[in-house]
Amino acid sequence: MAIHSKWLEIIFILLVGALFGGCAHHIVDLAPQEQVVIAKEGVSGSLKQTMAPAFYLIGTQKNYNRIGQVLASGTKHDNRITIAPDHPVFYVSVRRFNTEKAVYTNLIYRIHFLKQPYSLIPFNYGAGQHVGLLVILTLDQHNQVVLVTTAQTCGCYAVSIPTKMLPASAYPQTW
């Protein structure tokens, strides 16, 4: 029962976060090792803000479990990229595209983490520096979400989930 209520709490927080989104960040501390990061600044009142996802983070006592700002430094021959985990930032982009049937908009939200450490228990599929996550919301001409896509910034582990707003004609014929 506790697991069920925890999931309901997470879903509620994500829905509330979607209502108060944006470009920079807002952190809600749930417990010493849990946070919700909600985009809220920079694009006030825009579609990018109203549709912005919220991220529920656990283990935030470890800096690699916190969303960070991308920082570049150095020279042309000796450049460095790092992630500042004490400054969570959502990077947002909007791309419109046409198909034969309709006009669509992709709202692209990108976040970065300092690293994903190697671990056997719990097992991590990958490990590395400067890992990130893309959340892409595909909207129809009425600004309804028809597809939710997530992928790591390397392009790995892409998942696309259609919503009930996606017309049946958009599915493959064998579905």
Side-chain angles (χ1 to χ4, degrees), residues 6 9-97 105-119 122-139 143 145 147-161:
K6 186 69 166 182
E9 177 183 308
I10 291 168
I11 291 168
F12 173 76
I13 289 169
L14 292 176
L15 290 173
V16 169
L19 295 174
F20 300 102
C23 259
H25 69 281
H26 175 67
I27 298 174
V28 177
D29 287 319
L30 301 176
Q33 300 176 4
E34 299 176 350
Q35 290 179 337
V36 173
V37 179
I38 304 166
K40 75 165 197 160
E41 299 170 359
V43 289
S44 183
S46 73
L47 190 60
K48 293 185 286 187
Q49 178 190 27
T50 59
M51 301 300 271
F55 293 92
Y56 174 73
L57 307 172
I58 57 174
T60 54
Q61 77 280 10
K62 296 177 181 166
N63 65 1
Y64 58 79
N65 285 331
R66 296 192 301 255
I67 295 170
Q69 178 182 18
V70 178
L71 300 174
S73 62
T75 66
K76 182 178 178 180
H77 300 291
D78 181 28
N79 51 48
R80 293 182 195 97
I81 303 291
T82 190
I83 309 299
D86 293 328
H87 302 284
V89 175
F90 285 31
Y91 297 92
V92 184
S93 179
V94 177
R95 301 281 189 258
R96 289 183 173 70
F97 64 96
T105 302
N106 277 339
L107 299 177
I108 305 163
Y109 301 90
R110 181 173 44 96
I111 60 171
H112 292 271
F113 296 90
L114 182 62
K115 67 180 181 176
Q116 181 175 346
Y118 177 77
S119 174
F123 182 70
N124 286 340
Y125 285 113
Q129 302 292 315
H130 314 136
V131 295
L133 177 70
L134 296 167
V135 176
I136 304 165
L137 304 178
T138 302
L139 311 177
N143 291 333
V145 178
L147 192 64
V148 177
T149 303
T150 62
Q152 287 188 345
T153 52
C154 66
C156 305
Y157 311 112
V159 176
S160 293
I161 303 169

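Index from 1, following the sequence. These values consider heavy atoms only, across backbone and side chains, with no hydrogens, waters or symmetry-generated copies.
Listed here is the closest heavy atom pair of Asn143 and Met51: O-CE, 4.1 Å. Smallest separation of non-hydrogen atoms from Thr60 and Asn65: CG2-O, 3.9 Å. When all heavy atoms of Leu57 and Val37 are compared, the pair lying nearest together is CD1-CG2, 3.6 Å. Nearest heavy atom pair, residue Ile38 against residue Phe90, reads C-CZ, 4.2 Å.
Looking only at side-chain heavy atoms (C-beta outward), Leu47 and Val94 stay at 4.5 Å or farther from each other. Annotation: side chain of Gln152 is not in contact with side chain of Val131 (no heavy-atom distance under 4.5 Å). Residues Tyr91 and Ile111 have side chains not in contact (no heavy-atom distance under 4.5 Å, counting atoms from C-beta outward).
Thr149 meets the side-chain hydrogen bond (donor to acceptor under 3.5 Å, both in side chains) test with Ser160; sequence neighbours excluded. For Val135, the side-chain contact (heavy atoms from CB on, under 4.5 Å) partners are Pro53, Phe55, Tyr109, Leu133, Leu137, Thr150, not counting sequence neighbours.
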Side-chain donor-acceptor pairs under 3.5 Å in residues 68-81, sequence neighbours left out?
| unit_1 | atom_1 | unit_2 | atom_2 | d |
| --- | --- | --- | --- | --- |
| Thr75 | OG1 | His77 | N | 3.4 |
| Thr75 | OG1 | Asp78 | N | 3.1 |
| Asp78 | OD2 | Arg80 | NH2 | 3.0 |

Between Leu134 and Thr153, does the side-chain contact (heavy atoms from CB on, under 4.5 Å) criterion hold? Intermediate values first, please. CA-CA 6 Å; Leu134 296 167; Thr153 52; 4.2 Å; yes
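Screening Ile136, Thr138, Thr105, Ile108 for a side-chain contact (heavy atoms from CB on, under 4.5 Å) involving Arg95 leaves a single residue, Ile108.
Note that the OG1 atom of Thr82 and the NE2 atom of His112 stand 12.0 Å from one another [nearest 0.5 Å]. For the atom pair CG of Asp86 and CG of Asn63, the computed distance is 7.5 Å after rounding to the nearest 0.5 Å.
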